[in-house]
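Atoms considered below: every heavy atom in the structure, side chains included; atoms not considered: hydrogens, waters and symmetry mates. Just follow the structure's listing: the first ligand is 1, and inside any ligand the first atom is 1. In this text, all values refer to a predicted model and were calculated from it rather than measured experimentally.
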Amino acid sequence: MGNKVTVLGGGAMGTACAILLSENPEQEVALWTRNPEHAAVMAQSRQNERLLPGVKIPASVAITADVEAAIDGADILVAAVPTAFLREALTDWAPLLTADRPMVSVIKGIENETFLRPSEIISEILGQRGVVALGGPSHAEEISRRLPASVVAASGDLSLAKRVQAMFTTDRFRVYTNVDIIGVEMAAALKNIVAIAAGICDGLGFGDNAKAGLITRGLVEMTRFGTAMGAEASTFSGLAGLGDLVTTCVSPYGRNREVGERLGKGETLEQIQADMKSVAEGVWTTRSVYELSDQRDVDMPIANEVYQVLFEGKSPTAATESLMLRPPKR
Ligand code: 13P
C-alpha cells in the first residue's frame with residue numbers, strides 16, 4: 001500500500017482532513033487549494049485563518065495550488081470541494097489522474113440538474129475507479145481540534161472502505177465501514193435540508209419540541225427519499241443518517257442551520273449568501289431534491305417547504321403552518 005494522500009480542496013473540511021491524515025506518521029499528506037495566494041498564506045502561517053482560525057496545520061502537510069505537484073505520486077485522493085464545483089474541478093484534474101487511484105469523497109450534496117451524487121460525478125468524469133464516501137457527524141471545526149468524532153466509510157468495494165478506515169483512524173477519529181454508498185451519500189446530502197428547517201425553527205424561537213419533532217420527521221423523510229433512490233433504510237439510523245442529522249441541526253456553527261436561522265429572522269437568501277464564508281450545500285441540494293422528488297413522486301413535505309422559503313419567497317411562518325396543518329397521513 002502506498003503512502004501519499006492528496007486532499008483536493010482547501011476549505012474547512014479539506015483542511016481538517018489533511019490535519020487528521022497527517023497524524024499517521026506513515027502517511028505523506030498534500031493539500032491542494034485552488035487559489036495560489038491562499039495556498040501561500042496557509043503554507044506560511046500554517047493556518048486556514050478564515051475558516052479554522054487558531055488551528056495549526058502541521059509542517060508535514062505540503063500545501064500547494066499546483067495540482068500537478070499535489071497529485072504527483074499520490075496513491076489515494078480525497079475530494080473536498082462543494083458539489084457545485086466538483087464537475088469542473090474533476091475535469092481539470094482528469095488528465096493527471098490515472099485510473100488506478102481511488103478517490104474518497106467527503107462531499108455532501110446532490111448535483112443540480114443531473115441529480116448525481118458526488119461518487120457518480122467522479123465516476124462519470126474520471127471513469128470507473130474505486131470511490132469511497134465518508135459521512136457522519138464531522139464538523140471540520142471540531143475534527144481539526146481533535147475532538148472525538150465517529151464516521152462511516154462506504155464503498156461497493158468493502159476492502160477499499162477498510163483501507164480508508166485505516167488511513168483516517170486516530171485515537172480521536174473512529175471510522176466504521178459499510179457497502180451502502182448510495183445511503184451514505186443520500187443521507188449526507190438530505191440532512192442539510194432538514195438542518196435549514198431546524199435553523200428556521202431557531203430563528204423563529206420555536207424551542208426544543210419543535211426541533212425534536214422536525215428532526216424525527218426529517219429522518220423519516222430522508223429515509224423515504226433515500227430508499228426510493230436505492231439506499232438501505234438502516235443506513236439512515238446510523239452515523240451518516242441520524243448522527244449527521246443531529247450534529248447539523250444543533251450545531252451553533254453549522255452552515256446550513258445558520259442559513260435557516262437567518263431566514264427565520266427575516267433575512268433573504270441573497271443577503272445571507274453574500275456574507276457567508278463557505279457554501280451551505282443544503283441550499284442547492286434542496287433544489288435537486290425538490291425536483292427529483294416531484295419526478296419520482298416521493299412525498300417530501302419538509303424539503304418542499306424549505307424549497308418554497310428559499311426560492312419562492314414563502315415566509316417561514318407560512319411554511320410552518322403548511323407543515324402543521326397538512327392533512328394527517330394516518
Ligand atoms: P454544515 O455545512 O451545515 O456546517 O454541516 C457540516 C456537516 O456536514 C457536519 O457533519
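Close contacts of ligand 1 with Gly136, meaning ligand atoms under 4.0 Å from a residue heavy atom, involve 10 (O). Close contacts between ligand 1 and Gly254 involve ligand atoms 3 (O), 4 (O) [criterion: under 4.0 Å to a heavy atom]. For ligand 1, the atoms closer than 4.0 angstrom to any heavy atom of Lys108 are 7 (C), 8 (O), 9 (C), 10 (O).
From the protein, the heavy atom lying nearest to atom 3 (O) of ligand 1 is Asn256 ND2, 2.7 Å. Counting protein heavy atoms only, atom 7 (C) of ligand 1 is closest to Lys191 NZ, 3.3 Å.
With respect to the salt-bridge test (charged N to carboxylate O, under 4.0 angstrom), the residues Arg101 and Asp75 do not qualify. Electrostatic pairing of Arg217 and Glu221 does not count as a salt bridge here, judged by no charged N lying under 4.0 Å from a carboxylate O.
Which of His139, Met13, Glu141 comes nearest to atom 6 (C) of ligand 1 through a heavy atom is settled by distance: it is His139. Looking at Asp244, Val259, Val279 and measuring to atom 10 (O) of ligand 1, the nearest heavy atom belongs to Asp244.
Evaluated for a side-chain contact (heavy atoms from CB on, under 4.5 Å) with Ile196, the options Ile302, Thr248, Val309, Val306 yield exactly one hit, Val306.
Every heavy atom of Ala195 sits 4.0 Å or more from the atoms of ligand 1.
Residues Val250 and Arg257 approach most closely at C-CD, 4.2 Å, considering heavy atoms.
Neither the backbone nor the side chain of Glu281 has any atom closer than 4.0 Å to an atom of ligand 1 (non-hydrogen atoms only).
Using a 30° and 60° split on the angle between ring planes, Trp32 and Trp93 fall in the perpendicular class, above 60°.
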Steps toward side-chain contact (heavy atoms from CB on, under 4.5 Å) verdict (Glu49, Met42): CA-CA 8 Å; Glu49 258 172 79; Met42 274 209 288; over 6 Å; no

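Looking at Arg255 next to ligand 1, an N or O pair under 3.5 Å apart turns up.
Between Glu124 and Thr114, the closest side-chain pair of non-hydrogen atoms is not below 4.5 Å.
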